[in-house]
Amino acid sequence: MSISIKSWSEVPEAQRQKMFQRSEIDITKAEAAVAPIIEDVARRGDIALAEYAARFDGADISGMPIRVSEEEFRKAADSLDDKVVQALEYAVGNVRRFHESQRPEPFELQTVRPGIFAGERPTPIDSVGLYVPRGRGSFPSMLYMLAVPAIIAGVPHIAVATPPLPDGSVDPACLYAAKLCGVDRVYRCGGAQAIAALAYGTESVEPVIKVVGPGSQYVTAAKRILADLIDPGLPAGPSESIVLADEGADPYTVALDLLIEAEHGSDSAALLITSSRLLAEEVAGYIDAYLEEVPEPRQGFIRDVLQGYGGIIVTVDMREALDITNRFATEHLQIQSKDPEQYLDSIRNAGEILLGSRAPFSMANYAVGANAVLPTGGRARTWSSVSVRDFMKYSSVVKISEAGYQDAAPHVETLAEYEGFFTHGHALKYRRNPPAWARNKQNHA
């Protein structure tokens, strides 16, 4: 395969727009496909989940409970290689240490003015569903990225939904990671049907008020459809990445890192944006050689990506490269340069920013502590990575003394009168000077 190298100045506007939209186009089309699935799960519950597991996951869960049993957790732990156990414990420890810093400060009222006090009281949300995909592999890393901040936030009801394996079991590393994090409610269901089950509830699945986690275009479409019933959380659809590189980058390392996110699936996006045509050509050469040893189905995914929502873009200079990067607002961004930090202040929109060749996407995806569940589809312009804050809510609390009330009341009355809200202002005026109808009632009391 020969990867195309495009000069940005020669890319037609229609093709640019397709690149910026990437898989969002596919997600919109998917909504029509998942709508009847959602309705079916809402109507038939567990029976529908079992049928869709056979149809979409090739899994036979007939005769099995939807919720994973304690015995399955024990068997999963016993079946894992010690190296996998140690890697999971290492990664979860790092993720926990990073997210502990996000634990909200204890509630305290602040003095706004003498006699006027206000503050924000943090409380965890009541329930959350964590969606962990499996269609193109098993992802215990996604489980602990979601579960750790939810546990730290103190959510009392945490459930995991993940597609079953062909024999109906759940990936043992996912089960071990769940227990390691402190989650014991795991459901063997995936896809749009899992989102519907978490939203409506079934005989076995307790409904939740929020669903967080990445997934296919069908999972993302289901969350959009159900957004009036559940908080769909941060928009995390098919994977996308940009490697931003200047002439000082090493082409071999760039080639290695460019393909990391591309192997997630054909609907992923993976771009190299560089001001150096020489670098682009050298990277393309390495990719052609590297691809020959990538096994299927990953090789097929990468080929599809590099011919679809990915490729190499050459710009006139790094200023143009940075502009394209900010417009794309990618989920994953890596900067490869002899001095990657020189570009950091120019990046406004990215789910994560990895500085230098020692920070490939795989390091951040698994074990450095920062959360790897990130906004996709250009939503990094306004969204952040998953954090403890995603599982919290904040209530404003206000307390006013008599002196504070007397200080603020005239100003409130003036503003209420200006905006034409009668009862706003008179709630204060009539406290000070009750009208005749109130005085009469008070006298008869």
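Just so it is clear, the values below take in all heavy atoms, side chains as well, and ignore hydrogens, waters and symmetry mates. All values reported here derive from a predicted model rather than from experimental measurement.
- The OH atom of Tyr405 sits 9.0 Å away from the CD1 atom of Ile400 when rounded to the nearest 0.5 Å.
- A donor-acceptor contact shorter than 3.5 Å links the side chain of Asn326 to the backbone of Asn349.
- Within the 4.5 Å cutoff, side-chain heavy atoms of His332 are placed close to those of Ser239.
- For Arg134 (side chain) and Phe139 (main-chain N/O), no donor-acceptor pair under 3.5 Å exists by modelled atom type.
- Glu72 and Ser69 are linked by a side-chain donor-acceptor pair at a separation below 3.5 angstrom, with hydrogens and angles left out of the test.
- Under a 3.5 Å cut-off, the side chain of Ser276 and the backbone N or O of Leu279 do form a donor-acceptor pair.
- Summarising the geometry of Pro156 relative to Ile125, their closest heavy-atom pair is CD-O, 3.4 Å, with the distance given to 0.1 Å.
- Of the N and O atoms on the side chains of Glu261 and Asn365, at least one donor lies less than 3.5 Å from an acceptor on the other residue.
- Applying the ring pair (Phe, Tyr, Trp, His ring centres under 6.0 Å) test to pairs two or more places apart or on separate chains, those with a residue in residues 50-92 are Tyr52-Phe56.
- Every residue two or more places apart in sequence or in another chain that forms a side-chain hydrogen bond (donor to acceptor under 3.5 Å, both in side chains) with Gln334 is listed here: Asp257, Gln336.
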Practice item. Decide yes or no on side-chain contact (heavy atoms from CB on, under 4.5 Å) for Ile195 and Leu226, but give the supporting numbers first. Key: CA-CA 8 Å; Ile195 307 304; Leu226 291 164; 3.8 Å; yes
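- More than 12 heavy atoms of other residues, nucleotides or ligands shown are found within 6.0 angstrom of CD on Glu13.
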Point to revise | Pair Arg303-Gln307, side-chain hydrogen bond (donor to acceptor under 3.5 Å, both in side chains): steps then yes or no | key: CA-CA 6 Å; Arg303 291 183 185 277; Gln307 294 171 354; over 6 Å; no
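- Between Arg185 and Glu206 there is a salt bridge, since at least one side-chain N of the basic residue sits less than 4.0 Å from a carboxylate O of the acidic one.
- Among pairs with a residue in residues 73-88, those fulfilling salt bridge (Lys or Arg N to Asp or Glu O under 4.0 Å) read Glu71-Arg74, at least two apart in sequence or across chains.
- Put simply, the side chain of Glu31 never gets that close to the backbone of Ala221: no donor and acceptor are under 3.5 Å apart.
- Without hydrogens or angle criteria, Asn371 side chain to Ser385 main chain gives no donor-acceptor distance under 3.5 Å.
- Proximity of a side-chain donor or acceptor of Gln110 to a complementary backbone N or O of Gly119 within less than 3.5 Å is not detected.
- Across Ala249 and Pro251, no two heavy atoms sit closer than the pair O-CD, 3.5 Å.
- With rounding to the nearest 0.5 Å, the separation of SG in Cys174 from CG in Leu165 is 9.0 Å.
- A salt bridge is defined here as a Lys NZ or Arg NE, NH1 or NH2 lying under 4.0 Å from an Asp or Glu carboxylate O, and Arg103 with Glu100 meets this definition.
- With a 4.5 Å cut-off on side-chain heavy atoms, Ile347 and Thr325 count as touching.
- Every residue two or more places apart in sequence or in another chain was checked for a side-chain hydrogen bond (donor to acceptor under 3.5 Å, both in side chains) with Asp339, and none qualifies.
- Scanning all heavy atoms of the two residues, the minimum distance from Leu244 to Ala321 falls at CD1-CB, 3.7 Å.
- Counting heavy atoms from C-beta on, the side chains of Val243 and Phe361 come closer than 4.5 Å.
- One N or O on the side chain of Arg188 and one on the backbone of Pro65 form a donor-acceptor pair closer than 3.5 Å.
- With hydrogens and angles left out, the side-chain atoms of Asp46 and Ser204 include a donor and acceptor closer than 3.5 Å.
- Summarising the local packing, CE of Met64 is surrounded by more than 12 heavy atoms from other residues, nucleotides or ligands at distances under 6.0 Å.
- At a threshold of 4.5 Å between non-hydrogen side-chain atoms, the residues Val397 and Phe107 count as touching.
- For Ser401 (side chain) and Gly404 (main-chain N/O), a donor-acceptor pair under 3.5 Å exists by modelled atom type.
- Here Thr111 contributes atom OG1 and Phe117 contributes atom CZ; the two are 5.0 Å apart, rounded to the nearest 0.5 Å.
- Between Tyr176 and Glu89, the side chains place a donor N or O and an acceptor N or O closer than 3.5 Å (distance only, hydrogens not considered).
- A donor atom on one side chain and an acceptor atom on the other are not found under 3.5 Å apart for Asp126 and His157.
- The two residues Pro140 and Leu88 come nearest to each other via the heavy atoms CB-CD2, 4.0 Å.
- Residues Val368 and Asn94 form no side-chain contact, since every pair of their non-hydrogen atoms from C-beta on lies 4.5 Å or further apart.
- Checking each of Asp184, Val205, Val186 against Arg67 for a side-chain contact (heavy atoms from CB on, under 4.5 Å) leaves exactly one that passes, namely Asp184.
- Applying the salt bridge (Lys or Arg N to Asp or Glu O under 4.0 Å) rule to pairs touching residues 172-182 yields Glu70-Lys179, sequence neighbours excluded.
- Remark: the backbone N or O of Gly213 is paired with a side-chain donor or acceptor of Lys223 at under 3.5 angstrom.
- Residues Ser266 and Asp304 have side chains that bring a donor and an acceptor to within less than 3.5 angstrom of each other.
- The two residues Pro207 and Ser127 have their closest heavy-atom pair at O-OG, 4.4 Å.
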Exercise for review: Would you please test Ile151 and Phe391 for side-chain contact (heavy atoms from CB on, under 4.5 Å) and show each step?
Suggested key: CA-CA 9 Å; Ile151 289 288; Phe391 305 98; over 6 Å; no
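- With hydrogens and angles left out, the side-chain atoms of Glu240 and Thr376 include no donor and acceptor closer than 3.5 Å.
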Check your understanding: Passes side-chain contact (heavy atoms from CB on, under 4.5 Å), Arg379 versus Leu234? Steps please.
Key -> CA-CA 9 Å; Arg379 280 16 178 256; Leu234 123 160; over 6 Å; no
Review point. Which is it for Leu198 and Ile230 under the side-chain contact (heavy atoms from CB on, under 4.5 Å) test, yes or no, and what are the steps along the way?
Key: CA-CA 9 Å; Leu198 291 168; Ile230 54 167; over 6 Å; no
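- Shown here is Tyr218, whose OH atom has no more than 12 heavy atoms of other residues, nucleotides or ligands within 6.0 Å.
- Judged as a side-chain contact (heavy atoms from CB on, under 4.5 Å), and not counting sequence neighbours, the contacts of Ile47 are Arg44, Glu51.
- Between Val128 and Val211, every side-chain heavy-atom pair lies at or beyond the 4.5 Å cut-off.
- The shortest non-hydrogen separation linking Pro163 to Val132 is CD-O, 3.3 Å.
- Note that CE of Met392 and OH of Tyr394 are 5.0 Å apart. Values are rounded to the nearest 0.5 Å.
- Side-chain contact check for Asp57 versus Gln193: some heavy-atom pair is nearer than 4.5 Å.
- Side-chain atoms of Thr123 and Lys393 form a donor-acceptor pair, as typed in the model, at a separation below 3.5 Å.
- Checked by atom type and distance alone, the side chain of Asp60 pairs as donor or acceptor with a backbone atom of Ser62 at under 3.5 Å.
- Here Leu175 contributes atom CG and Leu180 contributes atom CG; the two are 12.5 Å apart, rounded to the nearest 0.5 Å.
- Residues Val219 and Tyr131 have side chains in contact (heavy-atom distance under 4.5 Å, counting atoms from C-beta outward).
- Rounding to the nearest 0.5 Å places OG of Ser384 at 8.0 Å from CG of Asp390.
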